> 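My structure is below; once you've seen it, I'll send some questions.
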Amino acid sequence: MHPRLELRNISKRYPGVVANDDVSLSIQPGEIHAVLGENGAGKSTLMKIIYGAAQADTGEIYCDGNAIAAHNPAMSRALGIEMVYQHFALFESVSVVENIALSASGAFDLPSLADKIRELSLRYGMPIDPHRQVHDLSVGERQRVEIVRCLLQAPKLLILDEPTSVLTPQAVVKLFDTLRQLAAEGCSIVYISHKLDEVQELCDTATVLRNGKVTGTARPKETTSLELARMMVGSKLPEMHVSPAAPSEKPVLEVRNLSAKARDHFGVDLKDVSFDVRGGEIVGLAGVSGNGQAELIALLSGERTHGHYDAIKIGGTPAAGLRPDERRKLGLAFVPEERLGRGAVPSHTLWENAVLTAHRLGTVSKGLVDRRKASIFAAGVIDRFKVKANGPGATAQSLSGGNLQKFIVGREIALAPKLLLVSQPTWGVDVGASAFIRQTIVDLSRAGTAVFVVSEELDELFEICDRLLVICQGQVSPSLVRTSTDREEIGLLMTGRKMSKDRSGDVALQD
Amino acid sequence: MELFIAIFTGTIIAATPLIFAALGELVVEKSGVLNLGIEGMMLMGAALAFWAVTAGCSMPVAIVAGALAGAAASLLFGVLALTFLTNQYAAGLALAIFGSGVSAFLGRGFGSVPIEALHRVDIPILSDLPLIGPLLFRFDPLVYLALLMFVAISWFLYRTKAGLILRTIGESPQTSHAIGYPVIRIRYMAVLFGGLMAGLAGAYLSVAYTPLWVENMTAGKGWIALALVVFATWRPLRVLLGAWLFGGMTILQLQGQALGLQVPSELLSALPYLATIVVLLLISRNRQMLALHFPASLAKPFRPAG
Ligand SMILES: Nc1ncnc2c1ncn2[C@@H]1O[C@H](COP(=O)(O)OP(=O)(O)OP(=O)(O)O)[C@@H](O)[C@H]1O
Ligand SMILES: [Mg+2]
């Protein structure tokens with residue numbers, strides 16, 4: 001029997017980098033195969049080659065024993081290959097159902113497709129409203145749309161490039177059930193993730209890439225995550241040091257009774273949100289995406305302003321009515337969750353992207369961009385955060401997902417802000433680099449910066465935060481001290497159930 | 001009453017070439033391509049259709065010839081802008097200039113003899129109704145075709161999968177390519193359709209509206225069509241309304257001149273342009289609606305990533 005997919009000696013080079021170097025692998029029908037590797041190892045490039053969205057320089061691809069010549073995505077779809085892109089392939093100006101209709105075969109019947117989406121997405125544990133416009137969706141919701149779109153096609157080979165980077169733990173569990181079932185029905189799955197526990201739980205086999213080359217194969221279920229990590233990184237993982245926080249007297253960020261209507265009727269209204277973040281501490285916001293995080297972040301960053309100027313104070317200055325650049329002058333730095341589009345301009349170079357927020361550091365003088373200073377600044381970020389890029393002149397879109405994330409986080413940290421606002425700080429970043437980014441955020445806070453982190457990854461929040469807030473349906477819980485709470489309590493608050501510990505120490509639930 | 005009927009029917013007729021040209025350009029721009037050369041394509045269509053009539057062809061043949069001339073001219077633009085990725089502004093302007101030059105050259109042999117205009121269709125019973133008949137049922141067939149095109153294009157864009165594919169290519173050709181659509185081929189088809197429609201608009205001018213050949217007889221209507229698309233925020237219904245508004249102002253202005261209004265005639269002739277722009281500007285202020293209908297990749301060259 002032929003393997004479902006066979007790659008022979010695939011090589012692909014981009015200016016200044018060999019993304020894939022003589023890669024061969026084969027995947028049997030029904031096999032779940034992981035592709036592991038550091039940021040920039042060449043995983044996404046390899047997937048795009050399999051799907052036909054990029055062309056290999058040399059090498060051959062066989063599907064069920066037949067060589068694929070003149071490959072392109074349309075051919076893949078005809079062959080039953082589906083792919084969830086790391087940077088989603090969704091159109092913002094149309095609705096979810098229209099997006100899905102574009103890759104669905106069969107009659108163009110939106111109402112019945114919408115019904116099918118509603119039903120299947122619920123069954124897969126990733127509920128989506130088919131009639132929402134994609135530009136209103138958070139990245140977590142977009143990820144659900146991408147996955148549901150592929151699952152609807154009943155593929156023979158499913159490529160998932162970091163599908164769980166912004167999914168909730170519950171959705172991941174359901175997704176894995178679905179994937180196992182698909183595999184049992186004979187569908188082959190290629191799975192990319194930086195979360196090694198997921199890989200161990202789900203995958204039968206793994207291929208490890210480093211600098212574009214295959215450096216080994218493994219059976220994840222029989223290998224420890226430490227070993228897997230070592231195969232990827234080639235060295236030992238750094239360890240985290242979190243010293244106790246010494247919060248400042250006065251809060252740097254004060255939010256008082258902030259209420260706001262959602263921007264459209266699908267958003268969530270914020271209801272009477274109040275909290276503080278002090279200098280020297282990290283406060284995390286946990287919650288299932290789509291519970292008002294987007295609204296809160298837009299209000300905090302200044303993307304959206306508010307009439308009650310006192311509702312948000314930065315360093316004691318009423319800031320709710322200020323524009324983003326005015327807030328940046330007060331010492332705010334901001335990492336948005338969408339790295340392409342909001343965090344960076346894809347077609348511009350890294351140094352140009354650096355100027356966008358680093359204009360305070362003298363990269364712009366008298367309205368003119370000081371190109372030399374901007375390049376030095378960008379080079380500094382690239383160097384300090386080990387961003388794999390072809391220098392400050394590389395375009396943002398040419399970076400691998402994790403490397404772009406490192407660059408954006410690095411750029412904001414390098415501004416030495418008084419207040420750092422980060423959304424999904426380690427989205428798609430490999431294990432080594434995640435540890436490094438988290439450590440840098442901790443160090444920054446210990447040097448006196450107030451840090452506010454929004455993340456769907458509870459592990460991450462528990463690792464770095466001093467205090468935790470939970471957002472659910474636009475309401476923010478009172479803060480919980482990390483050392484005296486646990487995942488269970490946070491998890492319950494995330495689903496909107498209040499928990500009160502009665503005297504006996506038992507946990508009582510109230511709906 | 002007579003006056004009202006004259007103004008009403010005059011409006012509809014004056015708007016017809018604009019409807020053809022602007023709806024064609026709307027489809028082109030929805031696919032993310034900006035073709036500034038409408039004026040040139042219209043002139044090519046006008047010249048070819050007129051020539052065909054003087055050469056003894058039947059009206060339908062002449063009109064088809066005009067449309068094909070527009071399409072042929074647009075192909076030139078397509079090759080430059082889509083295959084060779086020339087700057088779309090430059091390629092479009094080149095087409096506008098090229099079309100007006102070539103049509104003027106062809107037109108030297110036409111002389112200044114008027115031809116017999118396209119006949120209006122008489123619909124039994126309907127055309128003879130009082131009031132309604134003269135108002136709605138005594139137009140030439142192209143007037144009805146323009147309205148039919150409006151319905152067809154609106155339906156195509158918002159009700160069919162092909163229309164959805166076209167609109168989303170206009171938002172992000174990269175994404176369309178990534179999910180497997182032949183972006184370049186679809187854009188070629190859109191450009192050719194735009195050319196066909198501009199050619200029709202030109203043909204209407206030279207064989208129906210003013211059955212006469214005059215050099216540069218489009219008199220800037222191609223540019224107005226272009227502006228219509230933008231100010232109509234890329235929506236078919238607004239294109240239609242904008243075209244009627246422009247047509248209405250043109251006719252009122254002519255009537256005003258005929259009545260001997262004490263306003264300089266140059267100013268009066270500027271009125272339709274001014275009024276159309278002001279009104280469309282007012283309705284296109286809603287930023288969010290604009291963002292939703294604006295083809296985000298407009299005029300940006302696209303090459304499939306390798
Ligand atoms: N379009 C492009 N132009 C230039 N270089 C590119 C392009 N796409 C990818 N690269 C480079 O190829 C290398 C591999 O990138 P790729 O996206 O495959 O990495 P990855 O393994 O998916 O990383 P991550 O885990 O961060 O997503 C990187 O060094 C990247 O900068
Ligand atoms: Mg990747």
Side-chain angles (χ1 to χ4, degrees), chain A residues 12-14 45 47-49 51-57 71-79 81-95 97-110 113 133-136 146 149-150 153 161 263-264 340-341 346-347 397-398, chain B residues 26-27 29-32 85 87-88 154-189 233-236 286-306:
Chain A
K12 170 83 181 172
R13 82 180 35 248
Y14 284 115
T45 306
M47 296 308 116
K48 286 185 204 155
I49 290 172
Y51 193 62
Q55 309 297 324
D57 298 336
H71 201 19
N72 62 48
M75 164 100 72
S76 283
R77 301 228 324 264
L79 288 169
I81 304 175
E82 291 290 331
M83 169 152 165
V84 169
Y85 282 91
Q86 183 176 14
H87 290 132
F88 313 141
L90 296 173
F91 299 101
E92 306 221 345
S93 66
V94 299
S95 66
V97 56
E98 286 173 307
N99 264 289
I100 293 181
L102 281 170
S103 33
S105 45
F108 185 66
D109 178 2
L110 294 182
L113 185 61
Q133 302 280 316
V134 169
H135 65 88
D136 289 332
E146 278 262 328
R149 165 163 80 181
C150 286
Q153 305 308 313
D161 194 349
R263 270 177 287 197
D264 55 74
L340 282 176
S347 56
Q397 65 198 359
S398 76
Chain B
L26 177 82
V27 170
E29 292 191 17
K30 275 287 185 191
S31 80
L85 302 180
N87 179 306
Q88 294 183 9
S154 307
W155 175 79
F156 167 80
L157 282 177
Y158 295 101
R159 289 280 179 277
T160 68
K161 183 164 180 178
L164 180 62
I165 294 170
L166 186 90
R167 285 186 288 139
T168 48
I169 282 181
E171 181 194 315
S172 168
Q174 289 79 13
T175 306
S176 297
H177 172 72
I179 62 174
Y181 287 107
V183 172
I184 305 283
R185 199 190 318 153
I186 294 171
R187 284 188 162 178
Y188 258 108
M189 297 199 293
T233 59
W234 294 272
R235 278 189 278 179
N286 187 333
R287 295 289 278 306
Q288 208 180 353
M289 290 310 282
L290 199 64
L292 217 56
H293 293 274
F294 170 68
S297 74
L298 190 64
K300 295 187 188 137
F302 169 77
R303 185 203 304 271

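On a predicted model such as this, the values are computed, not experimentally measured, just so you know. In what follows, chains are A, B, ... by sequence order, proteins preceding strands, each numbered from 1.
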> Could you check if a side-chain atom of A:Y85 sits within less than 4.5 angstrom of a side-chain atom of B:T175, using non-hydrogen atoms only?
no

> I want to check something: taking the side chain as every heavy atom from C-beta on, are B:I179 and A:F91 in contact at a cut-off of under 4.5 Å?
yes

> What pair of heavy atoms forms the shortest contact from A:A74 to B:G180, and how long is it?
CB-O, 3.3 Å

> Can you say whether A:L110 sits under 4.5 Å from chain B via the side chain, the backbone, both, or neither, judging by heavy atoms?
neither

> Could you report the tightest heavy-atom contact between B:H177 and A:P73, atom names first, then the distance?
O-CG, 3.2 Å

> State the OG-NZ distance between A:S347 and B:K300, to the nearest 0.5 angstrom.
7.5 Å

> Between A:E98 (side chain only) and B:L164 (backbone N and O only), is there a donor and an acceptor less than 3.5 Å apart?
no

> Quick one, B:K161 and A:D109 - any side-chain contact, counting heavy atoms below 4.5 Å?
no

> Tell me, for A:F88 versus chain B, whether the close heavy atoms (under 4.5 Å) come from the side chain, the backbone, both or neither.
neither

> Heavy-atom distances under 4.5 Å only: say whether A:E82 touches chain B with side chain, backbone, both or neither.
neither

> Between B:S176 and chain A, which part of the residue has a heavy atom less than 4.5 Å away: side chain, backbone, both or neither?
both

> Using non-hydrogen atoms and a 4.5 Å limit, figure out which bit of B:R167 sits close to chain A: side chain, backbone, both or neither.
side chain

> What part of A:A107 gets closer than 4.5 Å to chain B, counting heavy atoms only: side chain, backbone, both or neither?
neither

